[in-house]
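Here is the structure we will look at.
For the numbers below, each heavy atom of this structure counts, side chains included, while hydrogens, waters and symmetry mates do not. This one's a predicted model, so the numbers in the text were calculated from it and none came from an experiment. All chains are named by letter (A, B, ...) in the order of the sequence lines, taking the proteins before the strands, and each is independently numbered beginning at 1.
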Amino acid sequence: MNLHRSFSMSALGTPLPRAFFNRDSRVVGRELLGKLLIRREGRKKLVGRIVEVEAYLGKADPAAHSFGGPTPRNLVMFGPPGFAYVYFIYGNHYCLNVSCQPEGNAAAVLFRALEPLAGIKEMARARGVTVKNPRDLRRLTSGPGRMAEAFDVTRERDNGKDLTSSRSDLWLADDGFVPGQIAATKRIGITKAADREWRYVIPGNPFVSGPKKIR
DNA sequence: ATATCGATTATCT
DNA sequence: GATAATCGATATG
């Protein structure tokens with residue numbers, strides 16, 4: 001079984017336009033499944049297919065960083081849609097989001113897992129892992145902190161970056177791939193509003209994070 | 001295969 | 001001063 005069947009480097013697709021993100025983050029989240037995250041590193045490109053995301057709303061969502069109003073950290077969430085919100089968590093990890101909804105609504109989608117398609121050597125180096133069998137690929141991009149590290153996403157480098165243009169060095173694209181199926185589950189690792197099923201995955205995809213039962 | 005726990009620091013109360 | 005949208009190591013079945 002070849003997971004890379006529907007991908008070729010010559011067809012990276014077209015960048016997702018700003019209007020794509022100017023909608024409810026739950027809709028954006030669902031529709032981001034199957035799209036591509038692309039990082040340009042000099043002449044190299046890192047490419048991953050999005051297989052897991054979570055939607056965060058603004059004032060309607062106690063789990064959202066924007067729930068309590070704007071602060072220096074969450075300011076990008078209050079700005080226009082289609083921009084990177086990167087935060088640092090647990091003293092260890094960066095996590096990548098994209099701002100959604102009309103400006104001021106402060107919603108976002110958190111990227112949680114990718115299926116690595118290109119630049120795998122570079123991702124492995126950035127993660128400090130040795131890939132000796134296909135199972136090890138999971139450790140590159142399966143989880144929000146892992147995929148951020150694989151793509152060298154940091155707050156300093158990427159927070160506030162426009163993700164809708166390939167003139168940027170980090171953007172999102174549609175190559176026409178359509179997931180066979182989409183599933184919604186509870187979000188991971190939160191204590192507030194923990195019952196809302198705003199985590200979206202491509203069920204059965206091996207790069208979805210977490211224990212087998214929620215993949 | 002699943003559960004538990006410690007690490008480590010920016011951010012906000 | 002407490003908390004956190006996580007990860008990796010270790011322990012146990």
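- Across residues 83-101 of chain A, A:Phe88, A:Tyr90, A:Gly91, A:Asn92 each have a non-hydrogen atom less than 4.0 Å from an atom of DNA chain B (numbered order).
- A straight line from CD of A:Glu52 to C1' of C:dT6 spans 12 Å, rounded to a whole angstrom.
- Ion pair A:Lys44/A:Glu122 flagged as a salt bridge, since at least one NZ, NE, NH1 or NH2 atom sits closer than 4.0 Å to an Asp/Glu carboxylate oxygen.
- When the P atom of C:dA5 is taken as reference, atom CG of A:Asn74 falls 12 Å away, rounded to whole Å.
- Spacing between atom CZ of A:Arg199 and atom P of C:dT6 amounts to 11 Å, rounded to whole angstrom units.
- Residues satisfying the ring-ring contact (aromatic ring centres under 6.0 Å, His included) criterion with A:Tyr94, sequence neighbours excluded, are A:Phe88.
- In this structure, the CZ atom of A:Phe67 is 15 Å from the C1' atom of B:dC12, given to the nearest Å.
- Applying the ring-ring contact (aromatic ring centres under 6.0 Å, His included) test to pairs two or more places apart or on separate chains, none has a residue in residues 102-124 of chain A.
- Atom CZ in A:Arg138 sits about 13 Å away from atom C1' in C:dC7, given to the nearest Å.
- The pair A:Arg187-A:Asp61 counts as a salt bridge, with a side-chain nitrogen and a carboxylate oxygen less than 4.0 angstrom apart.
- For the segment residues 55-63 of chain A, the set of residues with a heavy atom within less than 4.0 Å of an atom of DNA chain C comprises A:Tyr56, A:Ala63, in numerical order.
- Here A:Arg39 pairs with A:Asp158, A:Asp169 under the side-chain hydrogen bond (donor to acceptor under 3.5 Å, both in side chains) rule; sequence neighbours left out.
- Residues A:Phe20 and A:Thr164 form no side-chain contact, since every pair of their non-hydrogen atoms from C-beta on lies 4.5 Å or further apart.
- If you measure from atom CZ of A:Arg187 to atom C1' of C:dA4, you get 14 Å, rounded to the nearest angstrom.
- Counting to the nearest Å, the C1' atom of C:dG8 and the CG atom of A:Asp136 are 14 Å from each other.
- Every pair passing side chain to side chain donor-acceptor pair (under 3.5 Å) that includes a residue from residues 27-37 of chain A is listed here, sequence neighbours excluded: A:Arg23-A:Glu31.
- Contacts of A:Val76 classified as side chain to side chain contact (heavy atoms under 4.5 Å, CB included), with partners at least two apart in sequence or in another chain: A:Phe83, A:Tyr85, A:Asn159.
- By the salt bridge (Lys or Arg N to Asp or Glu O under 4.0 Å) test, A:Lys121 is found to be paired with no residue, residues two or more places apart in sequence or in another chain being considered.
- The stretch residues 20-35 of chain A does not touch DNA chain B, since none of its heavy atoms comes less than 4.0 Å from the strand.
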Side chains of residues 143-152 of chain A: which donor-acceptor partners sit under 3.5 Å, not counting sequence neighbours?
residue: A:Arg146; atom: NH1; partner: A:Ser142; partner atom: O; Å: 3.1
residue: A:Glu149; atom: OE1; partner: A:Arg127; partner atom: NH1; Å: 2.6
residue: A:Asp152; atom: OD2; partner: A:Arg157; partner atom: NH1; Å: 2.7

Dot-bracket for DNA chain B, please. Rules: Watson-Crick or G-U, both distances under 3.5 Å, ( ) within the strand, [ ] when a pair crosses earlier ones, | for another strand, . otherwise. |||||||.||||.

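- Summarising the geometry, the separation between CG on A:Leu75 and P on B:dT11 is reported as 12 Å, rounded to the nearest angstrom.
- Judged by closest nucleotide on DNA chain C, A:Val109 is the one of A:Arg127 and A:Val109 placed further toward the 5' end.
- Near-neighbour residues of DNA chain B inside residues 139-150 of chain A, defined by a heavy atom below 4.0 Å, are absent.
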